S.K.: 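Here's a structure for you.
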Amino acid sequence: MSQYRTFSARDAVAYAQQFGGLDNPSELVDAQEVGDGNLNLVFKIFDTQGVSRIIVKQALPYVRCVGESWPLTLDRARLEAQTLVEHYQHSPQHTVKIHHFDPQLAVMVMEDLSDHKIWRGELINNVFYPHAAAQLGEYLAQVLFHTSDFYLHPHDKKAQVAQFINPEMCEITEDLFFNDPYQIHERNNYPAELEADVAALRDDTQLKLAVAALKHRFFSHAEALLHGDIHSGSIFVAEGRLKAIDAEFGYFGPIGFDIGTAIGNLLLNYCGLPGHLGIRDAASAREQRLSDIQTLWSTFAERFQALASEKTRDAALAQPGYASAFLKKVWCDAIGFCGTELIRRSVGLSHVADIDTIKDEAMRHACLRHAITLGKALILIAGRIENVDELIARVRQYS
Ligand SMILES: Nc1ncnc2c1ncn2[C@@H]1O[C@H](COP(=O)(O)OP(=O)(O)O)[C@@H](O)[C@H]1O
Ligand SMILES: CSC[C@H]1O[C@H](OP(=O)(O)O)[C@H](O)[C@@H]1O
């Protein structure tokens with residue numbers, strides 16, 4: 001019988017005392033639930049000085065932001081912990097450290113990053129972290145290369161694909177990214193003023209064919225162990241530091257999905273900036289976002305290419321020229337997936353604060369419309385955007 005029970009703050013303290021690995025666990029005395037994501041409970045565990053020392057995260061048996069009417073697998077806690085443990089092996093600098101996890105209780109104890117800030121909030125407030133984009137590119141290159149066929153023995157790769165089968169969380173992505181925005185669905189969430197723009201998505205056969213191809217790749221291309229939800233709310237930053245958290249959507253999928261999600265969230269911020277800074281001040285902040293996208297992609301691609309040259313184990317994949325040809329396909333996928341992230345965050349169930357917190361209604365609608373237009377264009381022309389400079393030129397064109 002399952003021993004699962006939902007933790008109270010007191011349970012979380014007792015659990016952290018037992019499994020937090022601290023020298024003096026009795027110093028842990030208090031907890032506060034701080035979860036602001038869509039899915040889980042997150043407790044900060046405080047010591048006698050009121051300092052947050054460790055994090056206890058527990059999955060609920062349902063989707064937190066919707067309620068018990070939407071049940072969801074507890075196995076997502078295992079998948080999150082194991083994805084982060086695997087990623088930590090390849091990029092310890094840029095992955096949160098998991099100290100302990102228990103699949104029965106769907107709970108994990110992890111490194112406390114309270115001295116960092118969630119990147120999304122910093123991007124909205126236009127606080128610049130000069131190393132963040134390169135660090136994110138480095139994280140993605142390390143974890144995606146080392147879990148790909150370039151590096152893993154084929155037997156290990158297949159065993160890992162099996163370990164990370166994640167059907168329920170993938171189904172959420174499959175529905176929210178590739179279905180809901182292109183049909184009438186009760187989960188969709190957008191202002192009535194945008195009805196014509198959203199109806200145009202439903203009526204666009206060419207667009208829906210391109211989205212079908214992206215969904216098919218998401219279903220079937222087990223290229224590497226993805227983070228699966230690497231948006232700016234899943235990234236902590238501090239001066240010179242960056243760490244990824246929240247990998248419960250981890251599974252073996254197309255590498256371009258992680259790259260596209262990351263770029264897509266920088267572009268969602270780009271679209272929302274005039275609503276926070278005003279049109280004039282937004283211009284230079286926007287240039288910064290474009291420069292971050294350039295750095296993110298070039299760091300990822302250069303690092304992946306270098307790892308492929310040095311460490312590819314498969315004789316056929318080691319053929320000179322193959323890794324760069326593969327990266328071209330990753331780039332094309334990334335642009336398409338990026339477009340789907342822009343659209344689903346504007347039309348679907350789950351939005352982003354970069355646009356939703358804009359107070360002026362007309363401005364908020366204009367920013368949403370911008371994200372939809374840009375997303376649609378990127379999905380349609382993904383195959384014709386050869387490189388990151390062309391992407392930036394296209395983004396400027398649709399501003
Ligand atoms: N390791 C951590 N250190 C400090 N705060 C954290 C940590 N992990 C999560 N949090 C806090 O909890 C919030 C929700 O965490 P997240 O993993 O995104 O939850 P969900 O899975 O529900 O999306 C984060 O935005 C952050 O404020
Ligand atoms: C019904 S889950 C919606 C949405 O929430 C997840 O984000 P997070 O857990 O980081 O808040 C993910 O992006 C899902 O698509």
Side-chain angles (χ1 to χ4, degrees), residues 12 16 20 31-46 51-60 62-67 69-74 76-77 79-81 83-84 88 94-101 106-122 166 168-181 185 187-189 218 226-238 241-251 257-258 260-262 264-265 268 337 340-341 343-345 347-353 356:
Q32 192 186 354
E33 203 282 311
V34 297
D36 59 1
N38 286 324
L39 294 167
N40 304 298
L41 295 176
V42 179
F43 296 94
K44 286 190 176 190
I45 314 293
F46 296 95
V51 177
S52 179
R53 298 286 297 279
I54 203 135
I55 300 293
V56 173
K57 178 170 179 177
Q58 187 181 39
L60 292 163
Y62 53 85
V63 174
R64 178 179 181 155
C65 67
V66 174
S69 61
W70 188 345
L72 190 59
T73 177
L74 291 173
R76 68 185 189 270
L79 286 151
E80 171 168 0
T83 301
L84 290 168
Y88 189 86
H94 302 310
T95 310
V96 67
K97 184 164 177 53
I98 300 297
H99 295 299
H100 168 86
F101 77 96
V107 77
M108 70 201 84
V109 183
M110 70 178 110
E111 173 187 11
D112 192 329
L113 296 169
S114 297
D115 58 344
H116 291 57
K117 295 205 165 127
I118 290 288
W119 199 18
R120 189 184 299 289
E122 300 297 88
N166 194 352
E168 284 195 43
M169 304 308 284
C170 284
E171 188 180 9
I172 292 179
T173 302
E174 286 148 16
D175 287 341
L176 298 192
F177 274 73
F178 308 113
N179 290 4
D180 292 3
H185 199 287
R187 276 193 297 250
N188 284 335
N189 169 26
F218 186 84
L226 307 188
H227 176 285
D229 194 25
I230 189 77
H231 58 78
S232 51
S234 299
I235 295 168
F236 268 112
V237 287
R241 287 177 285 164
L242 175 141
K243 290 222 171 201
I245 60 165
D246 198 16
E248 69 211 306
F249 289 83
Y251 87 115
F257 184 80
D258 269 1
T261 302
N265 278 270
L268 283 158
F337 287 124
T340 62
E341 174 72 344
I343 290 179
R344 75 106 177 188
R345 293 291 195 181
V347 170
L349 169 77
S350 180
H351 285 216
V352 289
D356 265 22

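All values below were derived from every heavy atom in this structure, side-chain atoms included, with hydrogens, water molecules and symmetry-related copies excluded. Residues: numbered from 1 along the sequence shown. Order of listing sets the numbers, starting from 1, for every ligand and every atom in it. Every value quoted in this text rests on a predicted model; they were computed, and no experiment measured them.
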S.K.: Using a heavy-atom cut-off of under 4.0 Å, does the side chain or the backbone of N40 touch ligand 1, or both, or neither?
M.R.: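 The answer is both.
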S.K.: Nearest to atom 8 (N) of ligand 1, what protein heavy atom do you find, and at what distance?
M.R.: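 Result for atom 8 (N) of ligand 1: I245 CD1, 3.9 Å.
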S.K.: Check each atom of ligand 2 against the heavy atoms of W70 and keep those under 4.0 Å away; list them by number with element.
M.R.: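 Contacts of ligand 2 toward W70, numbered from 1: 1 (C).
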S.K.: Contact between R64 and ligand 2, counting heavy atoms under 4.0 Å?
M.R.: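 Outside the 4.0 Å threshold, so no.
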S.K.: Could you tell me which non-hydrogen atom of A244 sits nearest to which non-hydrogen atom of I230, and how far apart they are?
M.R.: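 In this case the closest contact between A244 and I230 is CB-CD1, 4.0 Å.
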S.K.: Tell me, please: is F177 in heavy-atom contact with ligand 2, that is, under 4.0 Å?
M.R.: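 In this structure, F177 fails to qualify as a contact of ligand 2 - no heavy atom is under 4.0 Å.
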S.K.: Would you call E341 and R345 a salt bridge, using N to O less than 4.0 angstrom?
M.R.: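 A salt bridge links E341 with R345.
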S.K.: For ligand 2, which part of R345 has a heavy atom less than 4.0 Å away: the side chain, the backbone, both, or neither?
M.R.: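 For R345, only side-chain atoms sit under 4.0 Å from ligand 2.
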S.K.: Mark up the atoms of ligand 2 that fall under 4.0 Å of a heavy atom belonging to V63, in ascending order.
M.R.: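 In order of numbering, the contacting atoms are 1 (C).
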S.K.: Is N38 close to ligand 2, meaning an N/O of one under 3.5 Å from an N/O of the other?
M.R.: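 The answer is yes, given that N38 and ligand 2 share an N or O pair closer than 3.5 Å.
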S.K.: Regarding ligand 1, does V34 bring an N or O atom to under 3.5 Å of one of the ligand's N or O atoms?
M.R.: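 Checking ligand 1 against V34, no N or O pair falls under 3.5 Å apart.
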S.K.: Considering heavy atoms of the protein only, find what lies nearest to atom 7 (C) of ligand 1 and give residue, atom and distance to 0.1 Å.
M.R.: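 Protein heavy atom at minimum distance: F236 CE1, 3.6 Å.
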S.K.: Please identify which atoms of ligand 2 are closer than 4.0 Å to at least one heavy atom of G37.
M.R.: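 Those of ligand 2 that fall under 4.0 Å from G37 are 11 (O).
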S.K.: Can you tell me how far CD1 of I235 sits from CG of L242, rounded to the nearest 0.5 angstrom?
M.R.: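 Answer rounded to 0.5 Å: 5.5 Å.
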S.K.: When you check the gap from the basic side-chain N to the acidic O, do E111 and K97 get nearer than 4.0 Å?
M.R.: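 Salt bridge flag = no for K97 with E111.
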S.K.: Just by distance, with hydrogens left out, do H351 and D356 show a side-chain donor and acceptor under 3.5 Å apart?
M.R.: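 Indeed, the side chains of H351 and D356 share at least one donor-acceptor pair under 3.5 Å.
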S.K.: Report yes or no: does E168 contribute a side-chain atom to a donor-acceptor pair with the main-chain N or O of T73 at less than 3.5 Å?
M.R.: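 Answer holds: yes.
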S.K.: Does the gap between the ring centers of F257 and F249 come in under 6.0 Å?
M.R.: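 No, the ring of F257 stays outside the 6.0 Å limit from the ring of F249, centre to centre.
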S.K.: Answer with side chain, backbone, both or neither: which part of L349 has a heavy atom less than 4.0 angstrom from an atom of ligand 2?
M.R.: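 L349 to ligand 2: side-chain contact only, backbone stays beyond 4.0 Å.
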S.K.: Measuring from atom CD1 of I118 to atom CZ of F236, what distance do you get when rounded to the nearest 0.5 angstrom?
M.R.: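 The CZ atom of F236 is 3.5 Å from CD1 of I118, to the nearest 0.5 Å.
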S.K.: What's the shortest distance from atom 7 (O) of ligand 2 to any protein heavy atom, and which residue and atom give it?
M.R.: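 Sorting protein heavy atoms by distance from atom 7 (O) of ligand 2 puts D229 OD2, 3.2 Å first.
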S.K.: Cut-off 3.5 Å, side chains only: do S350 and N38 have a donor facing an acceptor?
M.R.: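 Note: S350 and N38 side chains meet the donor-acceptor criterion.
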S.K.: At their closest point, which heavy atom of L79 faces which heavy atom of G250, and how far apart are they?
M.R.: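 Scanning both residues, the minimum pair turns out to be CD2-O, 4.4 Å.
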S.K.: Atoms of ligand 1 less than 4.0 Å from M110 heavy atoms?
M.R.: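 That gives atoms 1 (N) of ligand 1.
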S.K.: Among L72, N40, L41, L74, which residue satisfies the side chain to side chain contact (heavy atoms under 4.5 Å, CB included) criterion with L60?
M.R.: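 Single pass found, and it is L41.
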S.K.: Checking a contact table here: which protein heavy atom is nearest atom 10 (O) of ligand 2, and how many Å away?
M.R.: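 Its nearest protein heavy-atom neighbour is H231 NE2, 2.8 Å.
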S.K.: So which of K44, K57, R64 actually passes salt bridge (charged side-chain N to carboxylate O under 4.0 Å, His left out) with E33?
M.R.: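 The salt bridge (charged side-chain N to carboxylate O under 4.0 Å, His left out) with E33 is passed solely by R64 among K44, K57, R64.
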S.K.: Have a look at ligand 1 and work out which part of V42, if any, has a heavy atom under 4.0 Å from it: side chain, backbone, both or neither.
M.R.: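 Only the side chain of V42 comes within reach of ligand 1.
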S.K.: Quick check: E80 and ligand 1, any N/O pair under 3.5 Å apart?
M.R.: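 Between E80 and ligand 1 (N or O atoms, distance only) the closest approach is not under 3.5 Å.
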S.K.: Just to be sure I read this right, does ligand 1 sit under 4.0 Å from the backbone of E111, its side chain, both, or neither, counting only heavy atoms?
M.R.: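 It is the backbone that gets close, since no side chain atom is under 4.0 Å.
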S.K.: Just to confirm my output: which protein heavy-atom neighbour is closest to atom 2 (C) of ligand 1, and how far is it?
M.R.: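 Its nearest protein heavy-atom neighbour is I55 CG1, 3.5 Å.
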S.K.: Are F177 and F218 an aromatic pair by the rule of ring centers under 6.0 Å?
M.R.: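 For F177 and F218, the ring centres are not under 6.0 Å apart.
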S.K.: Is a side-chain donor-acceptor pair under 3.5 Å present for E174 with N179?
M.R.: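 No - no donor-acceptor pair under 3.5 Å links their side chains.
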S.K.: Inspect the contact between D180 and R187 and indicate whether a charged nitrogen and a carboxylate oxygen are less than 4.0 angstrom apart.
M.R.: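 A salt bridge is present here (some side-chain N lies under 4.0 Å from a carboxylate O).
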S.K.: Can any side-chain N or O of H227 pair as donor or acceptor with the backbone N or O of I245 at less than 3.5 Å?
M.R.: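 Pair found, side chain donor or acceptor close to backbone of I245.
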S.K.: Run the numbers for me: atoms of ligand 1, each under 4.0 Å from some heavy atom of I118, listed by number.
M.R.: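 Answer, ordered by atom number: 25 (O).
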S.K.: In ligand 2, which numbered atoms sit nearer than 4.0 Å to a non-hydrogen atom of S350?
M.R.: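 Near S350, meaning under 4.0 Å from one of its heavy atoms, ligand 2 has 3 (C), 4 (C).
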S.K.: Who's the nearest protein heavy-atom neighbour of atom 19 (O) of ligand 1, and how far?
M.R.: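 Going by distance alone, atom 19 (O) of ligand 1 is nearest to K57 NZ, 3.6 Å.
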S.K.: What residue and heavy atom of the protein are closest to atom 3 (N) of ligand 1, and at what distance?
M.R.: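 The protein heavy atom lying closest is L113 N, 2.8 Å.
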S.K.: If I take atom CG from residue D246 and atom CG from residue L39, how far apart are they, to the nearest 0.5 angstrom?
M.R.: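 Rounded to the nearest 0.5 Å, the CG-CG separation comes out at 7.5 Å.
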S.K.: Please list, in number order, the atoms of ligand 1 under 4.0 Å from a heavy atom of E248.
M.R.: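 Per the distance check, 21 (O).
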S.K.: Which residue owns the protein heavy atom closest to atom 13 (C) of ligand 1, what's the atom, and how far is it?
M.R.: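 The closest one turns out to be D36 OD1, 3.0 Å.
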S.K.: Applying a 4.0 Å heavy-atom criterion (strictly less than), which segment of D246 is in contact with ligand 2: side chain, backbone, both, or neither?
M.R.: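 The part of D246 near ligand 2 is the side chain, not the backbone.
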S.K.: Suppose I only count heavy atoms of R344 and a 4.0 Å limit; which atoms of ligand 2 are within that range?
M.R.: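 Reading through ligand 2 atom by atom, the close ones are 13 (O), 14 (C), 15 (O).
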S.K.: Using a strict 4.0 Å cut-off to heavy atoms of L176, name the atoms of ligand 2 that fall inside it.
M.R.: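 Contacts of ligand 2 toward L176, numbered from 1: 3 (C), 15 (O).
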S.K.: Give me the nearest non-hydrogen protein atom to atom 23 (O) of ligand 1 as residue plus atom name, then the distance to 0.1 Å.
M.R.: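 Minimum-distance protein heavy atom for atom 23 (O) of ligand 1 reads D246 OD2, 3.0 Å.
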